[in-house]
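Here is the structure we will look at.
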Amino acid sequence: MACLFGHKWNGCKCERCGKVRNEQHDWNLCKGRCTRCHRVCGEQHDWDGCKCRHCGKTRNEQHDWDGCKCKRCNKKRDEQHKWNGYKCSYCGKKSRIGDITDQSILADISKNDADWLFRIAATAKLTDQSILTEIAYTDTNDYVRKSAVRKLTDQSILTDIVKNDKEEMIREAAIANLTDQNALAYAAQNDKANSVRKAAAGKLTNQSLLEKIAQNDNDEYVRREAIRMLTDQTVLANIAKQHMRSSLRAIAASKIIDQPLLMEIIKHDADEEVRVAAAKAITDPIYKKELLTLLCDHGIHQWVETDSGRDPWGDCYTDIKCEICGKEETMWLPT
Ligand SMILES: [Zn+2]
Ligand SMILES: [Zn+2]
Ligand SMILES: [Zn+2]
Ligand SMILES: [Zn+2]
Ligand SMILES: [Zn+2]
Ligand SMILES: [Zn+2]
């Protein structure tokens, strides 16, 4: 009851009892409230273009553009950049790699940009072999080095990479452009990574070396690749008849031309995958006929429909006949 005989007003608020009156507020227009009683009046800034002179608040209108950037609030826009090479010297935006054709700018990006994905994209568009070589040897990111190696054509550099690079995927990438048979033979026999030996084997032409790899490599996929590259029919026949692993006999069989030999494999190989591969390699019509007769003996016929209809009880029937051995059967489909 301290204010029974009158309040002690300080602006809108009584200092003694805390009562508030709706006059003499201390408006903070930037905050839109009275600083003493917090009554709301709505924000009213003192705009200077996009920025309030008092509180520094910004709005997205009336910017003071200088090229791509607002001089007052630093807002950026994607137009009127100040290009310096491939970067905007104002906002740092980079050109799309697709839009850059200048090899010296591409070289600059490939060698110096901090973003490795950007370096890869630029490297993929480079043609200068000496810059590509430098990147292949020195970039700190293996994926960037790989994209450079993919574009190299110099056989002696590729050979050096295949023999000495520590990264499996780099050596594998180098093999893709390697045509030097000596270097490929070296990698196919000596590389410690299966993927690299396989890639090298896949480019070899030397038949006796391929046979050696097919017989001796300790990785199944390398051996398969070697057999896939074999064309020497004597070697293929040897593998198809004698290799311990059925999957490798099957690949060899699929490449054999000698039709009687294929029939022999079909009749005698213990593994179905090998027999099927040999059967698929039969191309001569005479041997195809012989193969089909053999299948009939094993109960696999080549059926064709000869008649169909309904019997007096309403069941559907279909008469079929084997084209090869003449065996006839009727199939029933009850309604
Ligand atoms: Zn009071
Ligand atoms: Zn107030
Ligand atoms: Zn303000
Ligand atoms: Zn602005
Ligand atoms: Zn810019
Ligand atoms: Zn038959």
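Since we're looking at a predicted model, the values are computed, not measured. In each ligand, atom 1 is the first atom listed, and ligand 1 is the first ligand listed.
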Checking distances from the Zn ion (ligand 6), one finds that the N, O or S atom of H301 closest to it is ND1
Can you check the angle at the Zn ion (ligand 4) formed by SG of C70 and SG of C50? Round it to the nearest 10°.
110°
Which atom name would you report as the N, O or S atom of H45 nearest the Zn ion (ligand 3)?
ND1
Taking atom CZ of R33 as the centre, does the number of heavy atoms from other residues, nucleotides or ligands within less than 6.0 Å exceed 12?
no
More than 12 heavy atoms of other residues, nucleotides or ligands under 6.0 Å from NZ of K8: is that the case?
no
Would a 4.5 Å heavy-atom cut-off, applied to side chains only, mark T140 and R119 as touching?
yes
Any L210 side-chain heavy atom under 4.5 Å of Q207 side chain
yes
Out of the N/O/S atoms in H63, what is the name of the one closest to the Zn ion (ligand 4)?
ND1
Step by step, work out the side-chain contact (heavy atoms from CB on, under 4.5 Å) result for L262 and Y287.
CA-CA 9 Å; L262 286 169; Y287 288 95; over 6 Å; no
Does C30 bring an N, O or S atom to under 2.8 Å of the Zn ion (ligand 3)?
yes
Rounded to the nearest 10°, what angle sits at the Zn ion (ligand 3) between SG of C52 and SG of C55?
110°
